[in-house]
Structure formats: structure tokens, C-alpha cells
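One structure is given here, and the rest of the page talks about it.
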Amino acid sequence: MKDKKHHERTRAQESTNAIERMYITMRHLFNRGFYKPMGVSGETLRQSLLLLRPEIYGSIGDEKAELEGLLYVIDRLPQGIEECTFINLTSDEGYSNSHFKPIIPEKRRRNCYRIDSEQMNIEITRGRSEIYDILTHLTFLFIESHKISKRVLIDEIGSTTRDWIKLENAALSRKKLTQPEREIAITHMANILGRTFSELQSIYNDFATPSQPERLLQIVYWLGKLAIEEQINNNKRTVTFSPVLRERLGHHIHGEIWANNIKDVLHKNGLLERPIHIISANMHSVMNTLFAPNALKTLISKKTAFQVYEDLSIAGNSELRNKVTKEALQKGMIFIPDTSGTNIDVQIFDTSKIDSSKIDIPTNETVLKSNKPVILVMDYAFGEQAYETIDELLKPYKAKGKKQFLNVESLSIMGKAGILEGGKGDIMIPSAHIFEGTADNYPFKNELSKKDLDGQGVNVYEGAMITVLGTSLQNKDILKFFHNSTWSVIGLEMEGAHYQKAIQSASKVRGSISPDVKVRYAYYASDNPLETGGTLASGGLGTSGVKPTYLITRKILEQLFN
């Protein structure tokens, strides 16, 4: 008998297995109800993350601390979480009606509550993807904390280095540090983290907040302190999942409330029978495209449309934004702030109230006047939440025991994605969504094409895209495999397959909407995870995201109006 050929596993295969292991483990821990991230129960998660070494977490596998990854994670977790031994993931359980003040992370809209000095509660209303996101961030945080404790502990009874004692004094100091005091503290911190003084100095202010100017010092101190307590006193940090969260998850509770609320508003305003065009985007680009030309006439006469859009995106220009919002509300825009817990606000535009001569997009007057379409813009969903929200939204409206089907003519999805063959600010037009970790794939006829957006000074790529289980779990090996193999993937994002799954079931199987519903997908690149220094952890898009966002928005509206 011939010797069987020995197949060595590639890094891509190992990484794929690591991701699958992480997801199975996270589901198991969730069903179990609690776990200790740095104990035996968290070992599989830690080992898988260290094997995977995702791009976003940089040097997680090295002895030195990872700074950009730490900033990325801290911006997405509640302020003060580094001080907590007990982290409790809950459903929406009524804390908003208590004395607890909600803490909303800088880069993720989720309500968190500091219960006492030891416990942080994080409200989960966006489904499993949000749990995966938080657990991987916490695993990274705790791995980093143990790097600190290993460098500062001298013996088994808890004696620490001089650097740690000096850092502790600076971190716990009640008074504002002078520049010399801050630089002395940074010197000691650099020794502890295995980083240079200049590396720490350059990122120091990125962590600072108005109430916590020395926040990096305090984060490093508390991470180290709790890791030391774990090693010396076996006082392990614990993550728990509330019984209500475990009972509710997967039942579309928030999505159903959200969708019913929107349909009620459409019904009350007599818009339910009209042709509806759903756009998943942000809360500014459609509104600005439709109403900025009239609201900001004087500015438009001096600048190009895209320069005006850039002005509107600058944080300090709230007065300009208010003018456009005021104009929109006067011309029939209905704003539905979210009260369901999905964190997805909605805008409804009744085109019969819009003067098309005041819009700088080619429009077919006859089509608009006879059809009077309604545009429904929903804010971005998060991962699996995309399925929950669209699945509920496309169901018939029930009133007085009768079913009323929605006349949905199109769904357009515009989002941010990682690109694999271009750079930040480029545009991707998908022809199919592939769901990571499965053989599921969703090909579709995209109403948008490369030629629609070519020649505008932005690179445009067309091809299949991969819907990943979490952007924080991708590494170069997996992405290179998807890009270089016959899958020929051009980019990665978190919602596409979920949206398409809901659209296909509603249009092709359940008959809730027309089988001929038009779909449009377009993404602009927020990062290139295959480029060193091109990941999400290296910072945002700034104004370079304005042009692609508005090019896509204008093209979607142009197709709707013609």
C-alpha cells in the first residue's frame, strides 16, 4: 500500500479553524452562562486568538504591548471597563429607568452601566455579532493585561518592580500632572510595555478624554493591577450572560418592535401603499444630497457639491448641518429616532413633497409625479442584526386583523468595508456575497455596476465579497486565500450575506415582496487589512470617505428618480 501523502496545513487553514473554534466556544460559553477569560474556561478563546493573530490586534502574540489595537478596542468598550472584575452582558432590562447613567463607547452605540466599583453591565440589543465583537475585544484586553503583570511581578508573593510603583503613584494621583511628571510616568510605562518613549508619547493624547487627560496611564495601571490580582490571589475576572439575554437572543424581539414602529408611521402618514425604496446607509448622505442645494444656496454658488459635502462632514460645522436638517423637515422628511434598542434610526422622505428642480441630480419628472415613491433610509445594522431588521421590515403590516403587503420596489445597501486590492476611499461593487466559515454564497443581479461609478476620480472594483463573522478576527493569511484563490474576493464586510438572505427569503420564498425587487450594493473602503498600517486600528477615513459616500448615494438616487 502506498504511503499516504502528508498534507501540511496552510496558515489560512489554521486560521479558518481558529475562527470556527472561537465561534463554537463563544456559543458554548454563552449557553453555559458565565466564564473566566483568563481561567480554564477561557483558554480555547485565548489560544485561538493567539493562533489567529488578527491584523487589527497587531502584536498580540509578541511580548511587547500592542498600542493601536488597544486604542481600537478601548474606543469600542465603555469607559472604565479596565477597572472591572465582573462584566455582565444583559438584554435591555430596564436600567435606562434607574439612577445608573448610561456610558456609551466612543465608536459603538451601545448602553453600558457601571453598577459599582467592580461591575460593568453591557446591554446587547444587536444580536450575536455584538456578543462575538465584545468577547474578542475582552480576550485581547485580558491577554494584554497579563503581558503587563508578567513584566512587573518579581516574585510569587506580589512584589513588583520600581517601574510599577512609580506608574501606580502617577496613575492614582488626584492632581493634574505637569509635563515633566507626565514624561517621567511615560518613561516607566515604556519599560513596562516594552515600547519606546516616542511610541508612547505619539499615541498618548489619542487615549485622553476631557475628564481623563492621563487615561492611558490609568488604563495600563488598572489592566496590570487586575492581572496581578488574578496571578497572586487567583481573583479571576468573570464574564456573565444574564438569564434574560440568553432567553431572548435570536427571537428578533428588538427588530420586530423597530419594524412595526416604522410601518405604523408609514400607515399614519398614508405612505404604506406607495412604492417604497429602502436604503441602508448613514443618516446624512441622502438628506444632504436632496436638501443641501436649496438650504445652502450661497455656499453651493461658491463651491462644488463635493466640497459642500466635506464642509458638512466636519465636526465643528453643526450650524450648516442644522440648516439642511431644518430644510428636510420642512419638505416632508420624517425622522424616527430608535426606541427599540436596535440603535438604528430611520428617515422617511416623501418625494411628492420634494421640488425636483431644486435637486442637482438628473430626475424624470413624469416618473416622480406619477409614482410618488417613498425613500426609507435606515442607519447601519451590525452583523447578524442586518438579517433580523430587514426580515422583520419586509413582513406584511398587520392592522385590524388584516395583512397589508409593502410595495417594496428596491433595496440599496451602502456600507463601509475592508478592501483587498485597493486602498482607503476606493469603491467596491459586489456581484455576490460569500458567508465566511460556510459554503453559503448569495449571487445576485446588482443594479449598480462599475461603469456607473467609473471616471469620477475614485478607483472602482467589481467582484465577490466575503461577509465575515467579525472584522476583528481577520488575518492576512485568510484574506490572501480568499483574494488569490478562485473565489477572487475583492473585499470583506459584516452584513451583506445577512441582508441578501432576508431579501431572498422575502422575495423568492415567502412572497412578502415582489420577486422582481431590485437590489443595489456598493461599499467604500475604510481600510485595507492586507496592507501594513492600513487596518481599521490605524485610524479612520477622515474626509477621504466623503467623496465615495456621496458618489454612491447620488448614483442610487439617480436610479430611483429615473
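A distance-only check finds no donor-acceptor pair linking the side chain of Gln119 to the backbone of Ile87 [under 3.5 Å]. No donor-acceptor pair closer than 3.5 Å links the side chain of Asn322 to the backbone N or O of Thr325. Under the 3.5 Å distance criterion, the side-chain polar atoms of Glu388 are matched with a main-chain donor or acceptor of Gly255. Side chain of Lys263 to main chain of Lys395: a donor-acceptor pair is present (N/O by atom type, distance under 3.5 Å, no hydrogens or angles). With Asn528 contributing its side chain and Gly422 its backbone, the two residues share a donor-acceptor pair below 3.5 Å. A donor-acceptor contact shorter than 3.5 Å is absent between the side chain of Asn371 and the backbone of Leu368. At distances below 3.5 Å, at least one donor-acceptor pair connects side-chain atoms of Lys508 with backbone N or O atoms of Pro515. Asn111 places no side-chain N or O within 3.5 Å of a backbone atom of Pro102 that could act as its donor or acceptor partner. A donor-acceptor distance shorter than 3.5 angstrom exists from the side chain of Thr351 to the backbone of Pro373, with no hydrogens or angles considered. Formation of a donor-acceptor pair under 3.5 Å by the Asn261 side chain with backbone atoms of Ile257 is not found in this model.
Inter-residue side-chain proximity for Arg126 and Thr342 is flagged as unmet; no heavy-atom pair is nearer than 4.5 Å. When side chains are defined from C-beta on, Gln79 does not count as touching Cys112, because their heavy atoms never get closer than 4.5 Å. Between Arg274 and Val374 the shortest side-chain heavy-atom distance falls below 4.5 Å. Taking 4.5 Å as the limit, every side-chain heavy atom of Val308 sits out of range of all side-chain heavy atoms of Asn288. Here the side chains of Ile348 and Ile375 are not in contact, with every heavy-atom distance at 4.5 Å or above. Looking at Ile478 and Glu436, their side chains come closer than 4.5 Å, going by heavy atoms from C-beta outward. Contact annotation: the side chain of Thr240 never approaches that of Leu89 to less than 4.5 Å [non-hydrogen atoms, C-beta and beyond]. Between Pro105 and Arg76 there is no side-chain heavy-atom pair separated by less than 4.5 Å.
Note on residues 545-559: pairs passing salt bridge (charged side-chain N to carboxylate O under 4.0 Å, His left out), not counting sequence neighbours, are Asp360-Arg554, Lys555-Glu558. Among pairs with a residue in residues 247-268, those fulfilling ring-ring contact (aromatic ring centres under 6.0 Å, His included) read His252-Tyr387, His267-Tyr397, at least two apart in sequence or across chains.
Considering every non-hydrogen atom in both Pro548 and Tyr524, the closest pair reads CB-CB, 3.6 Å. Nearest heavy atom pair, residue Ala464 against residue Trp487, reads CB-O, 4.0 Å. Counting all heavy atoms, side chain and backbone alike, Pro529 lies closest to Leu492 at CG-CD2, 3.7 Å. Among all heavy-atom pairs drawn from Ile60 and Arg53, the shortest one is CG2-CA, 4.1 Å. Closest heavy-atom contact between Ala432 and Phe444: CA-CE2, 3.7 Å. Taking all atoms of both residues into account, the shortest heavy-atom contact from Asp477 to Ala12 is O-CB, 3.5 Å.
Residue Leu406 holds its CG atom at 4.5 Å from CD1 of Ile276, rounded to the nearest 0.5 Å. Of the inter-residue distances, the one linking Ile490 atom CD1 with Ile419 atom CD1 reads 6.5 Å to the nearest 0.5 angstrom. Asp452 contributes atom CG, which lies 11.5 Å from atom CG of Leu551 (distance to the nearest 0.5 angstrom). Atom-to-atom distance recorded for Glu462:CD and Ser431:OG is 7.0 Å, nearest 0.5 angstrom. For the atom pair Leu420 CG and Met428 CE, the distance stands at 8.0 Å (nearest 0.5 Å). Note: Ile466 CD1 to Met494 CE = 12.5 Å, rounded to the nearest 0.5 Å.
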Evaluate side chain to side chain contact (heavy atoms under 4.5 Å, CB included) for Ile115 paired with Met120, printing each intermediate quantity in order.
-> CA-CA 6 Å; Ile115 303 302; Met120 180 72 77; over 6 Å; no
Next item on the list: Using the ring-ring contact (aromatic ring centres under 6.0 Å, His included) rule, take Tyr132 and Tyr23 through it: C-alpha gap first, then chi angles, then the decisive distance, then the call.
Entry: CA-CA 8 Å; Tyr132 300 154; Tyr23 279 92; 4.3 Å; yes
What's the verdict on side chain to side chain contact (heavy atoms under 4.5 Å, CB included) for Glu495 and Thr467, showing C-alpha distance, side-chain angles and the deciding distance? CA-CA 6 Å; Glu495 291 80 30; Thr467 298; 5.9 Å; no
Trace of the side chain to side chain contact (heavy atoms under 4.5 Å, CB included) decision for Ile124 with Ile134
CA-CA 10 Å; Ile124 305 291; Ile134 290 165; 3.5 Å; yes
Exercise for the section: Kindly indicate, with the supporting measurements, whether the criterion side-chain hydrogen bond (donor to acceptor under 3.5 Å, both in side chains) is fulfilled by Thr44 and Arg21. Expected result: CA-CA 8 Å; Thr44 309; Arg21 257 201 320 278; over 6 Å; no
Q | Worked verdict on Gln474 versus Phe482 for side chain to side chain contact (heavy atoms under 4.5 Å, CB included) | A | CA-CA 11 Å; Gln474 303 315 302; Phe482 275 113; over 6 Å; no
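If you check the side chains of Glu93 and Ser242, you find a donor sitting under 3.5 Å from an acceptor. A donor and an acceptor atom, one from each side chain of Asn121 and Thr90, are nowhere located under 3.5 Å apart. Between the side chains of Gln385 and Glu130, not a single donor N or O lies within less than 3.5 Å of an accepting N or O.
With respect to the salt-bridge test (charged N to carboxylate O, under 4.0 angstrom), the residues Arg109 and Asp345 qualify. With respect to the salt-bridge test (charged N to carboxylate O, under 4.0 angstrom), the residues Glu493 and Lys416 do not qualify. A salt bridge links Arg110 to Asp133: one of the charged nitrogens lies within less than 4.0 Å of a carboxylate oxygen.
The number of heavy atoms from other shown groups lying within 6.0 Å of NZ (Lys323) does not exceed 12. Other residues, nucleotides and ligands contribute at most 12 non-hydrogen atoms within 6.0 Å of the NZ atom of Lys372.
Taking the six-membered ring where the residue is Trp, Tyr521 and Tyr523 present parallel rings, their angle staying beneath 30° rather than reaching 60°. Using cut-offs of 30° and 60° for the angle between ring planes, the His284 and Tyr550 rings count as tilted.
Under a cutoff of 6.0 Å and an axis angle of 45°, Arg32 and Tyr35 do not form a cation-pi pair.
In this structure, the ring of Tyr499 has its center no less than 6.0 angstrom from the ring center of His433.
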